[in-house]
Amino acid sequence: MKNRLAKILRDTLDLCFREGYLKKMPLPEFVIEVPNNPDHGHFATNLAMTLAGEQKNSPRNIAEIIIRHLVDNDHFILKAEIGGAGFINFFITIEQWYDLLSQVITLKDDYGRNCLGKKEKIMVEFVSANPTGPLHLGHGRGAALGDTLCRILDFSGYDVRREFYINDTGQQVKALGESIYSRWRQFSDPSYPFPSDGYQGDYIQELATEIAQKITLENLDIHDAIDLLSELGRDKMLEEIKEDLANFRVNFDFWYKESDLYSSGKIDHTIKLIEKRGLLFQKDGALWIRTSSFGDDKDRVIRKKDGNLTYFATDISYHLDKWERGFRKVINIWGADHHGYITRVKAALMAEGIPEDWLNVLLMQLVNLWEGGAEVKMSKRSGRYVTLKELVDDVGVDAARFVFLSKDHTSPLDFNIDLVKRKDSENPVYYVQYAHARICSIFRKAANENISIPEQPGSTLQGLVLDEEIALVRKMAEFPSLIEEITRELAPHRLTYYLPELAGSFHRYYNRHRIISEDKNLSQARLLLSLGVKILIKNGLSLLGLSAPEIM
RNA sequence: GCGCCUGUAGCUCAGCUGGAUAGAGCAGCGGACUUCUAAUCCGCAGGCCGCAGGUUCGAGUCCUGCCAGGCGUACCA
């Protein structure tokens with residue numbers, strides 16, 4: 001709808017320039033918005049104000065000229081008024097709203113789709129938790145954010161891939177093996193020492209018990225035992241992570257192993273590549289890359305004095321591989337504590353000629369858990385944290401996902417577990433789902449009373465005349481541009497604000513007016529309106545990865 | 001010290017590329033179920049948008065400085 005109005009305005013300006021009503025000039029950027037105040041029309045534009053300076057005329061005068069010469073062949077606009085300092089407020093004809101509702105009903109699940117993505121290949125890498133422990137709340141937030149972003153990007157016409165990068169080598173995996181080994185030894189000798197950088201969580205004992213039942217560790221030399229436990233523990237944890245994510249309705253297309261970078265020789269190739277560019281140098285017994293030439297504030301170590309590569313080295317190689325796999329755009333979701341890492345990785349990529357804006361990092365602020373009125377400090381090493389699985393078992397996938405998505409990712413999230421557990425109005429997810437269930441219930445009643453919902457809305461819609469009814473359709477009209485904005489800004493949380501608004505408009509309407517009445521035509525019109533709301537709610541919930549229950 | 005993020009109602013937070021009188025939920029107070037689901041609705045109350053300057057027709061939004069909180073500043077992962 002905004003697009004149609006924008007076209008009318010552009011045509012109007014063309015005409016005004018051609019006929020000399022206005023001085024010829026390049027078209028300025030202007031905004032068409034949906035005003036909060038109903039007196040300000042269905043749509044408003046600041047066009048006249050943006051022209052004023054160059055035209056050397058007052059905004060209100062210019063608005064006057066534009067309104068007088070509006071090019072509106074399809075009778076889209078009912079009336080146009082000047083408001084405030086020079087806004088033009090448009091009221092559009094009721095037929096336009098009927099058309100829009102028909103469109104929603106015809107397009108169903110496809111209403112709101114757009115082609116912003118142009119089928120471009122895009123990758124979202126998220127969660128990528130180390131396979132050394134169960135997923136916790138922070139991973140849950142990343143999982144919900146990443147997955148929903150993917151659903152929306154797909155809806156906007158991107159060719160989306162979800163990827164999970166597995167850090168399956170290195171010191172931390174070894175620490176996992178050592179921790180399991182130590183717990184296993186402690187079964188028979190409680191005084192056996194536990195490594196200082198070991199993982200404290202109870203799951204380590206469980207792993208030790210489970211593995212010891214299948215495998216005889218007694219005959220193994222300590223180093224072999226630890227190596228074996230590292231491997232088995234890692235695989236077991238990864239299995240659990242996959243399962244937890246699947247239960248959370250998050251399914252990855254690719255699970256990319258860090259160890260593959262070694263076995264395929266990619267990492268060596270990467271280092272040679274950097275060397276060829278003359279960006280490597282030796283210092284203090286380590287091998288460095290000169291990232292400072294590309295915006296980083298200092299150079300970084302690639303190979304440590306002890307001969308091992310740093311994670312930074314594999315990260316460079318990994319991202320070069322993403323580039324070679326042909327993704328036009330890559331989004332990484334990282335915890336906010338990694339922000340210092342961004343310039344570094346981008347610098348290394350720029351050294352290989354990859355544009356700076358190719359890699360988009362969404363920094364997600366951390367999740368703070370509140371329980372019983374106090375903050376619970378979480379830490380994986382100490383073993384004190386709530387796992388994603390526990391949370392989902394407690395409050396369900398829908399409530400958990402909704403809470404994770406309901407805040408901008410740049411804000412820290414206070415997750416109050418006592419509140420989310422309550423299945424009442426405290427959690428807006430139920431408010432939205434209830435509107436859906438309510439509509440389904442109305443449809444069941446309509447079916448019982450043999451009132452059909454017309455296949456072709458057509459003239460039936462003329463029964464919709466109330467302000468509240470048109471307001472509902474207007475709310476539906478906002479959905480496509482909302483999806484576009486979310487796609488551009490990578491801000492899926494905005495959908496969690498739109499849906500309660502739509503549901504609220506419906507709840508209010510429902511409480512004041514009967515959908516099903518003696519008047520059959522009116523009933524059908526209102527059923528169609530309800531159908532439109534139902535389609536949008538279901539659509540929106542599904543983009544968030546939430547269910548739309550028919551009964552509550 | 002430097003860098004990133006945050007500061008809006010009692011609490012948790014929205015506020016779309018600067019737009020008209022700053023919004024919602026919860027908490028508080030008062031109302032509405034013989035009628036399609038009360039997980040709902042209606043009403044009341046609640047604000048130096050951290051502080052101070054600047055940019056302009058117009059600033060919660062942009063710029064500068066300050067204050068407060070979180071995170072980072074590794075040959076850790």
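The sequence lines fix the lettering, A, B, ..., with proteins before strands; numbering per chain opens at 1. FYI, side chains are in, hydrogens and waters are out, and symmetry mates aren't considered; it's all heavy atoms of this structure.
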Got a list of protein N/O to nucleotides 33-35 of chain B N/O distances below 3.5 Å?
from, atom 1, to, atom 2, distance (Å)
B/U35, O2', A/Arg514, NH1, 2.8
B/U35, O2', A/Arg514, NH2, 3.4

Check: protein-nucleotides 28-32 of chain B nitrogen or oxygen pairs below 3.5 Å:
none

For nucleotides 58-61 of chain B, list the nitrogen or oxygen atoms of the protein found under 3.5 Å from its nitrogen or oxygen atoms, one pair per line.
none

Nucleotide N/O to protein N/O under 3.5 Å, stretch nucleotides 7-12 of chain B:
none

Enumerate the protein-to-nucleotides 20-22 of chain B contacts in which both atoms are nitrogen or oxygen and the separation is below 3.5 Å.
from, atom 1, to, atom 2, distance (Å)
B/A20, N6, A/Asn89, OD1, 2.6
B/A20, N1, A/Asn89, OD1, 3.2
B/A20, N1, A/Asn89, ND2, 3.2
B/U21, O4, A/Asn37, ND2, 3.3

Show the distances under 3.5 angstrom between N or O atoms of the protein and N or O atoms of nucleotides 1-4 of chain B.
from, atom 1, to, atom 2, distance (Å)
B/G3, N2, A/His339, NE2, 2.2

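Look at the C1' atom in both B/G28 and B/G46: the space between them is 10 Å, to the nearest Å. Here, B/U6 and B/C42 have their P atoms 33 Å apart, quoted to the whole Å. For the P atoms, the distance from B/A52 to B/A59 is 15 Å, rounded to whole Å.
In RNA chain B, stems built from 3 or more consecutive Watson-Crick or G-U wobble pairs, each with both distances under 3.5 Å, span B:1-7 with B:67-73, B:10-13 with B:23-26, B:28-32 with B:40-44, B:50-54 with B:62-66.
Residues that satisfy the side chain to side chain donor-acceptor pair (under 3.5 Å) test with A/Asn114, not counting sequence neighbours, are A/Ser156. By the salt bridge (charged side-chain N to carboxylate O under 4.0 Å, His left out) test, A/Lys305 is found to be paired with no residue, residues two or more places apart in sequence or in another chain being considered. Among residues two or more places apart in sequence or in another chain, the side chain to side chain donor-acceptor pair (under 3.5 Å) test is passed with A/Asn521 by none.
Residue contacts shown for A/Asp337 are limited to sugar-phosphate atoms, with no base heavy atom under 4.0 Å away. The residue A/Lys298 sits close only to the backbone: its heavy atoms come under 4.0 Å of sugar-phosphate atoms, none of a base. Here A/Ala437 lies in heavy-atom contact (under 4.0 Å) with a base.
Both A/Tyr510 and A/Asp299 sit near RNA chain B, but only A/Tyr510 has its closest nucleotide nearer the 5' end.
Of the residues in residues 487-500 of chain A, those with a non-hydrogen atom less than 4.0 angstrom from any atom of RNA chain B are A/Glu489, A/His493, A/Arg494, A/Tyr497.
Within the structure, every pair that satisfies the ring pair (Phe, Tyr, Trp, His ring centres under 6.0 Å) test and touches residues 394-413 of chain A, not counting sequence neighbours, is listed here: A/Phe404-A/Phe415.
Among the nucleotides B/C5, B/C41, B/C76, the one closest to any side-chain atom of A/Thr410 is B/C5. Here the nucleotide nearest the side chain of A/Tyr341, chosen from B/A38, B/C75, B/A77, is B/A77. For A/Asp284, taking side-chain heavy atoms from C-beta onward, the closest of the listed nucleotides B/A74, B/C36, B/C75 is B/C75. Considering only the side chain of A/Ser441, B/U37 comes nearest among B/C75, B/U37, B/A77. For A/Asp408, counting side-chain heavy atoms from C-beta on, the closest listed nucleotide (B/A14, B/C36, B/C41) is B/A14.
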